[in-house]
Number of protein chains: 2
Amino acid sequence: MRERSRITSFDIAHRAGVSQSTVSRALRGSSQVNEETRQRVLRAVAELNYKVDKNASNLRRKHAGTLALLLSEDPTADESHINPFFLSMLGAITRACAQHDYDLLVSFQQFSPDWHADYAEAHKADGIILLGYGDYLSYCDKLRRLAERGTRAVRWGAVLPGQGDVSIGCDNHAGGRLVTEHLLAQGCRRIAFLGDASSHYPEFFARYLGYAETLEQAGITVDPALQVDAVSTESAGQAALATLLARGVAFDAVFAASDLIAIGALHALGAHGLRVPADVALAGFDDIALAGFVNPPLTSVLQDTQQAGRILVESLLRLIRGEPVASTLLPVTLKVRRSSLRREAG
Amino acid sequence: MRERSRITSFDIAHRAGVSQSTVSRALRGSSQVNEETRQRVLRAVAELNYKVDKNASNLRRKHAGTLALLLSEDPTADESHINPFFLSMLGAITRACAQHDYDLLVSFQQFSPDWHADYAEAHKADGIILLGYGDYLSYCDKLRRLAERGTRAVRWGAVLPGQGDVSIGCDNHAGGRLVTEHLLAQGCRRIAFLGDASSHYPEFFARYLGYAETLEQAGITVDPALQVDAVSTESAGQAALATLLARGVAFDAVFAASDLIAIGALHALGAHGLRVPADVALAGFDDIALAGFVNPPLTSVLQDTQQAGRILVESLLRLIRGEPVASTLLPVTLKVRRSSLRREAG
DNA sequence: CTGAAAGCGCTTACAG
DNA sequence: CTGAAAGCGCTTACAG
């Protein structure tokens with residue numbers, strides 16, 4: 001495959017006038033090597049443009065030096081339209097991996113149904129990061145199987161009490177409250193919720209619970225007719241809003257469980273001649289880049305993906321080192337934009 | 001790191017009652033192994049849930065079984081806001097790698113300036129895929145250095161005559177023509193171009209040349225005051241449109257060199273009280289998912305990312321096998337949406 | 001068709 | 001502080 005004969009640690013040893021073991025020690029930063037010797041080795045390495053062979057090193061150390069990222073999106077989602085929220089996470093995870101000198105292997109679940117076997121067990125990766133809004137219950141037993149086999153895994157998602165796994169997630173419940181309180185403060189009283197609200201989608205469900213709780217505390221009865229299921233895509237958002245309209249119930253605000261749903265809803269509202277925010281206030285969740293660029297700009301809940309990515313990687317590395325790791329619940333921030341400002345837009 | 005002792009090919013050999021070499025042969029699909037023996041091996045593999053150790057296999061075969069994807073965005077781009085166009089490519093590339101049984105290592109250039117050394121030379125990957133709108137001239141010599149060291153690389157980008165490398169790109173020139181012809185057909189005569197138009201950004205430049213050529217063939221003189229530099233971000237698009245307005249030149253259409261630029265421009269137009277398409281027709285390039293969801297929906301040029309990803313991977317694999325590989329120029333399609341329809345919207 | 005053996009390029013006890 | 005040697009788990013000539 002590679003025609004020019006490889007430079008190995010023996011070549012370095014020869015050039016530096018030391019043994020191959022010393023080269024290895026010098027390069028791995030062993031403290032028990034003379035500083036002058038180390039410098040000689042480092043010079044030879046630079047001159048010959050040598051790089052340690054990862055396969056050999058990893059084989060010997062029984063360590064892959066690699067984390068695998070498994071992204072499982074809703075089956076309904078078109079693979080070419082991955083949720084931008086995940087892209088943002090991917091960037092953060094990639095960066096965190098690089099900082100810890102780990103490689104990142106990326107895989108999309110749709111393409112490899114047998115991922116639990118493919119990955120961690122092939123010893124390609126020391127651990128895996130699970131990302132995705134897939135049905136939670138449906139992969140609970142996959143998670144269990146992974147754990148049984150000693151595979152280290154962390155996941156982005158709902159942080160639920162009594163979970164055996166390590167989850168990093170944002171405070172969806174608080175996010176649901178923030179949005180709902182804001183909409184109430186704008187004078188809205190009939191607030192629709194677009195998004196699945198069941199234990200199959202615990203993140204959406206927590207947002208829904210925050211919404212429902214806030215309404216009740218404000219003395220407003222939660223109307224089931226105002227909730228419509230939707231997975232996190234624009235088309236699901238469009239469809240959900242159409243369903244809502246078809247029900248003929250009155251509503252003065254829409255709280256979409258994700259920005260993609262909100263953008264779909266925005267589209268559908270416009271198509272039905274409803275103005276945002278004048279007729280209907282609208283808010284989403286995730287604060288994807290796009291949220292600030294739709295018209296009107298979309299009120300949303302910011303999750304700090306940079307921090308999330310870092311914590312996912314660091315938690316996994318701790319797990320790999322056998323250290324105790326707890327789940328983490330990250331705070332959220334409400335980003336108010338024009339889509340929900342009825343007072344000004346009146 | 002991994003407490004439970006690993007299952008190796010020796011365990012399989014023992015259980016199947018054959019030698020370890022036979023296990024290896026059976027698993028690599030060697031034709032010189034008895035079908036019955038192979039079945040016995042396969043059964044033992046299934047029972048013990050064995051997986052070939054990639055590190056050992058790759059070390060022995062001098063083969064990484066991995067491709068590296070290097071994404072280099074504009075330095076100005078916020079890392080959390082990667083161009084969705086690239087996400088779409090990433091999906092396609094991941095899928096193509098999986099189909100060819102290669103792993104994909106992902107890296108973002110901002111995080112590792114010395115990528116040319118880090119990657120291919122560390123023998124982590126058999127070859128690399130370069131993705132990104134970075135300054136072309138500035139990495140021409142990086143490309144040359146990679147080639148000198150025998151690194152296999154393919155890139156997504158402009159396909160220029162006389163390039164020594166393997167590039168896969170879309171027909172940007174044709175795309176520029178399509179957009180411009182369409183805007184002319186809508187009755188526009190003063191069409192601005194937002195995007196860098198120099199050899200530093202050959203893709204944008206090709207789009208610009210298609211634009212300029214079409215105008216001239218229509219008897220319209222290209223006015224340099226109507227071109228404003230912009231890299232591919234929303235904020236650059238906003239800034240470019242502000243610059244255009246500040247120049248005080250009249251324009252009835254904007255052709256943005258990318259959808260992100262177009263969306264930034266759309267934002268800025270709205271802020272200045274200019275209606276799209278009534279006052280200004282607008283078109284972008286890339287046809288990202290978002291293009292259909294902004295208001296009004298954005299006319300754009302579709303590049304087939306699924307096909308592009310597949311061809312990038314297949315070209316690289318051919319290069320790795322030492323087969324001759326040519327650059328590929330992919331066709332584009334104009335997607336007309338409301339943002340450019342002045343006739344109807346007039 | 002199958003087995004015994006060498007070796008891929010490292011890391012790390014073990015002995016000095 | 002340094003070297004000689006074993007061995008990580010495979011693949012693949014080599015010999016039958």
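Excluded from the calculations below are hydrogen atoms, water molecules and symmetry mates; all remaining heavy atoms, backbone and side chain alike, are included. Residue numbers start from 1 in every chain, and the chains themselves are labelled A, B, ... in the order their sequence lines are given, proteins ahead of strands.
Taking atom CD on A:Glu36 and atom P on D:dT2, their separation rounds to 9 Å, with Å as the unit. The nearest whole Å value for the distance from the NE2 atom in B:His63 to the P atom in C:dG7 is 23 Å. The distance between atom NZ of A:Lys51 and atom P of C:dC10, rounded to the nearest whole Å, is 13 Å. Atom CD in B:Gln39 sits about 14 Å away from atom P in C:dC1, given to the nearest Å. Distance B:Glu35 CD to C:dC1 P: 10 Å, rounded to the nearest Å. Separating the NE2 atom of A:His14 from the C1' atom of C:dG9 is a distance of 18 Å, rounded to the nearest angstrom. Note: CG (B:Leu59) to C1' (C:dG9) measures 6 Å, nearest angstrom. Taking atom CD1 on A:Ile7 and atom P on C:dC10, their separation rounds to 10 Å, with Å as the unit.
With sequence neighbours left out, B:Ser315 forms a side chain to side chain donor-acceptor pair (under 3.5 Å) with no residue at all. Looking at residues two or more places apart in sequence or on another chain, you find a side chain to side chain donor-acceptor pair (under 3.5 Å) between B:Ser9 and B:Gln20. Remark: B:Glu323 pairs with B:Arg321 by the side chain to side chain donor-acceptor pair (under 3.5 Å) rule, at least two apart or across chains. Residues satisfying the side chain to side chain donor-acceptor pair (under 3.5 Å) criterion with B:Arg60, sequence neighbours excluded, are absent altogether. Applying the side chain to side chain contact (heavy atoms under 4.5 Å, CB included) rule to A:Ser167 yields the partners A:Arg155, A:Val159, A:Gln163, A:Asp165, A:Ser327; only residues at least two apart in sequence or on another chain are considered.
Under 4.0 angstrom from either OP1 or OP2 of C:dG9 there lies at least one side-chain N or O belonging to B:Lys62. For B:Thr37, a side-chain nitrogen or oxygen approaches OP1 or OP2 of C:dT2 to under 4.0 Å. Neither OP1 nor OP2 of C:dG9 sits under 4.0 Å from any side-chain N or O of A:Tyr50.
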For this session: Mark up nucleotides 11-16 of chain D, 5' to 3', with B wherever a protein heavy atom is under 4.0 angstrom from a base atom, S wherever such an atom reaches only the sugar-phosphate, and - elsewhere.
Result: BBB---
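Put simply, the side chain of B:Thr66 gets close to the backbone of B:Ala64: a donor and an acceptor are under 3.5 Å apart.
Applying the salt bridge (Lys or Arg N to Asp or Glu O under 4.0 Å) test to pairs two or more places apart or on separate chains, none has a residue in residues 305-320 of chain A. Sorted by first and then second residue, the salt bridge (Lys or Arg N to Asp or Glu O under 4.0 Å) pairs with a member in residues 21-36 of chain A read A:Glu35-A:Arg38; sequence neighbours excluded.
Look at the C1' atom in both C:dG16 and C:dT12: the space between them is 16 Å, to the nearest Å.
Using a 4.5 Å cut-off on side-chain heavy atoms (C-beta onward), A:His63 and A:Asp126 make contact.
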For this session: Report the secondary structure of DNA chain C in dot-bracket form, marking unpaired bases with a dot and bases paired to a different strand with |, and treating Watson-Crick or G-U pairs with both distances under 3.5 Å as paired.
Result: |||.||||||||.|||
